Amino acid sequence: MGIIIFLIGVGVEALFAVFCLTTSSYQCKVKSIARIVELVCFVVFAAIGIIEWSIRYYALAALLLTLALLSVISLIRRKKEERKFRAVRVILYAAGMSMLIFAFTLPAIIFPQYKEIKPTGAYTVESAVYTYTDTERIETYGEAKSSRKLNIELWYPHDAEGVYPLIVFSHGAFGIRSSNETLYRELASHGYVVCSIDHTYHCLYTTDVEGNKTQIDKGYMKEVSAEDAQSDRQKSYEYYQKWMSVRTADIDFVIDQIINNTRSDNAAVYKLIDIEKIGVMGHSLGGSAALGIGRVRAGIGAVIALESPFLCDIEGVRDGEFVFVDKSYPVPLLNVYSDSSWDIIANRPQYAQNQALLLDTPKDVFNVHIKGSRHIGLTDLSLSSPYITRMLDGQKSSLTVEECL
């Protein structure tokens with residue numbers, strides 16, 4: 001819709017320019033009326049649902065409102081044209097307005113309207129947001145050395161009876177808790193309670209139940225950008241240890257908190273959780289943390305990792321190579337890969353454990369390659385912003401977003 005609005009806007013400006021050049025007049029009155037009509041059309045389209053009113057249209061709405069108000073003032077004053085007509089001025093005005101329209105429709109172009117993929121399960125899905133405080137840990141990032149706070153969101157079957165398995169999800173390096181909401185809703189519709197964690201300072205941003213927002217830590221962003229296991233395995237190992245210690249502790253704490261809440265909290269969602277059936281999932285860096293939890297925490301029933309190396313299994317560096325834990329993985333495991341890594345896993349030192357499981361797969365380990373997909377395409381960003389997804393992945397996925405998700 002953003003591109004359509006942009007093309008219509010540029011088309012209107014082109015028609016204005018042609019009309020003005022043909023009549024050798026700036027046609028101020030006609031333009032003023034047209035600006036008012038543009039605003040009215042925008043409001044009508046938003047009211048009837050053709051345009052989905054959201055933050056993506058705020059800038060464009062402000063531009064149309066400003067132009068309409070200036071036009072109303074111009075019509076009231078009825079000031080006659082006194083400037084000498086110049087064709088170049090008309091052309092420059094049209095070009096300038098086209099660039100302005102592009103700038104103000106850019107949010108709608110980058111984040112176009114999209115239809116959510118409907119869950120296929122029998123249950124309708126609800127969600128709830130909570131903020132947990134870990135009084136046993138001091139915040140690793142940020143300036144204030146206070147207890148670590150985590151915002152989580154639970155997706156669960158609505159109006160359901162009985163108890164259901166709990167799935168805990170960890171987002172990617174710069175992700176957010178809603179990064180794979182299509183997946184959460186699908187699972188919840190089939191009878192799971194899904195908890196997704198905002199890893200504070202590791203996520204792009206997070207908002208607690210009181211509306212306080214925390215942005216990603218710049219130091220952490222620099223670490224992720226600088227990490228290169230090909231050139232400096234020792235430094236990468238140090239980064240992995242730091243990141244994984246934070247994330248696995250987050251997951252561990254959240255699971256403990258949920259278990260405690262099933263016994264003490266009156267919130268209906270906690271009463272739906274079967275604490276005897278717990279699985280962990282994650283994408284990329286989050287999947288690495290999930291893999292780590294699956295190895296060390298008792299009571300985990302299964303792990304699913306969306307294109308994630310076994311970073312927690314790296315015990316150190318010897319003779320310039322990573323040293324991995326030499327023990328079989330203790331719980332059923334599903335590794336999911338996209339085209340981004342499938343053909344080059346063998347060349348990535350941090351993926352050595354993944355490669356070993358591809359060459360010699362135990363009976364409780366499963367490997368799936370989603371052909372035609374890309375790394376960021378495994379998340380809902382491919383729905384909300386296909387352009388950013390394509391930019392981050394380096395190319396467009398040949399598989400459709402709906403098929404992949």
Side-chain angles (χ1 to χ4, degrees), residues 1-116 176 178 204-207 211-216 380-381 383-392:
M1 181 57 70
I3 291 178
I4 294 173
I5 292 174
F6 167 67
L7 292 175
I8 291 174
V10 171
V12 170
E13 295 306 319
L15 288 174
F16 276 153
V18 171
F19 184 42
C20 291
L21 292 171
T22 302
T23 59
S24 298
S25 169
Y26 291 121
Q27 298 293 344
C28 293
K29 184 178 180 179
V30 175
K31 282 183 182 179
S32 295
I33 295 172
R35 298 299 183 206
I36 297 170
V37 171
E38 286 173 349
L39 176 63
V40 171
C41 289
F42 180 85
V43 172
V44 170
F45 288 157
I48 63 178
I50 294 176
I51 292 175
E52 263 181 30
W53 178 245
S54 66
I55 192 172
R56 62 169 66 89
Y57 292 115
Y58 287 2
L60 178 61
L63 175 64
L64 294 176
L65 179 60
T66 301
L67 292 175
L69 289 175
L70 292 175
S71 298
V72 169
I73 294 171
S74 177
L75 289 172
I76 292 173
R77 289 181 176 178
R78 297 181 181 179
K79 190 175 181 180
K80 293 182 179 180
E81 293 183 13
E82 297 177 354
R83 294 175 297 172
K84 183 179 179 181
F85 179 79
R86 291 185 180 181
V88 67
R89 184 175 289 171
V90 171
I91 295 171
L92 289 175
Y93 177 84
M97 281 301 302
S98 296
M99 288 189 288
L100 201 62
I101 292 168
F102 174 73
F104 281 77
T105 55
L106 195 57
I109 294 173
I110 296 176
F111 298 98
Q113 292 179 198
Y114 65 92
K115 291 183 179 179
E116 292 183 347
I176 52 177
S178 60
L204 192 61
Y205 63 89
T206 183
T207 306
N212 301 310
K213 183 173 286 188
T214 303
Q215 304 291 344
I216 193 169
D380 280 19
L381 186 63
L383 266 180
S384 59
S385 184
Y387 302 102
I388 292 179
T389 300
R390 190 183 307 176
M391 180 183 69
L392 294 175

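This structure is a prediction, so every number in the text was calculated from the model and none was measured. Residue numbers start at 1 and run along the sequence shown.
Residues E13 and A94 come closest through the heavy atom pair O-CB, 4.1 Å. Counting all heavy atoms, side chain and backbone alike, Y387 lies closest to I110 at CD1-O, 4.0 Å. Between Q113 and E52, the shortest heavy-atom distance links the atoms OE1-N, 2.8 Å. Nearest heavy-atom pair across A68 and I36 is O-CG1, 4.0 Å. Smallest separation of non-hydrogen atoms from R56 and P107: O-CB, 3.5 Å. Residues Y114 and S384 share a closest heavy-atom pair of CE2-CA, 3.6 Å.
Taking CG from L65 and CG from L70, the interatomic distance works out to 9.5 Å, rounded to the nearest 0.5 Å. One distance of note links CD1 of I91 with CG of L21; it measures 5.5 Å at 0.5 Å rounding. We find the CD1-CG distance between I51 and L60 to be 7.5 Å, quoted to the nearest 0.5 Å. With rounding to the nearest 0.5 Å, the separation of CE in M391 from OG in S385 is 8.0 Å. Atom CZ of F6 is separated from atom CG of L106 by 9.5 Å, given to the nearest 0.5 angstrom. To the nearest 0.5 angstrom, L69 atom CG is 13.5 Å from R35 atom CZ.
Between F16 and K31 the shortest side-chain heavy-atom distance falls below 4.5 Å. At least one side-chain heavy atom of I109 sits under 4.5 Å from a side-chain heavy atom of F102. By the 4.5 Å heavy-atom criterion applied to side chains, L100 and M97 are counted as neighbours. Annotation: side chain of F85 is in contact with side chain of V90 (closest heavy-atom distance under 4.5 Å). Looking at V12 and E38, their side chains come closer than 4.5 Å, going by heavy atoms from C-beta outward.
Counting non-hydrogen atoms of neighbouring residues, nucleotides and ligands closer than 6.0 angstrom, the CZ atom of R89 exceeds 12 such neighbours. Around CD1 of I55, the count of heavy atoms belonging to other residues, nucleotides or ligands within 6.0 Å does not exceed 12. Surrounding CZ of F45 are at most 12 heavy atoms belonging to other residues, nucleotides or ligands under 6.0 Å away.
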Practice problem: Evaluate the side-chain contact (heavy atoms from CB on, under 4.5 Å) criterion for residues F104 and Y58: first the C-alpha distance (whole Å), next the side-chain angles of each, then the deciding distance (0.1 Å), finally the verdict. | Solution: CA-CA 9 Å; F104 281 77; Y58 287 2; over 6 Å; no
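Aromatic ring orientation, Y57 versus F42: perpendicular (interplanar angle above 60°, classes split at 30° and 60°).
Of the possible polar contacts, one joining the T389 side chain to the L381 backbone as a donor-acceptor pair under 3.5 Å is found. For the pair S71 (side chain) and L67 (backbone), a donor-acceptor distance under 3.5 Å is present. Side-chain atoms of S32 come within 3.5 Å of backbone atoms of C28 as a donor-acceptor pair (strictly under, hydrogens ignored).
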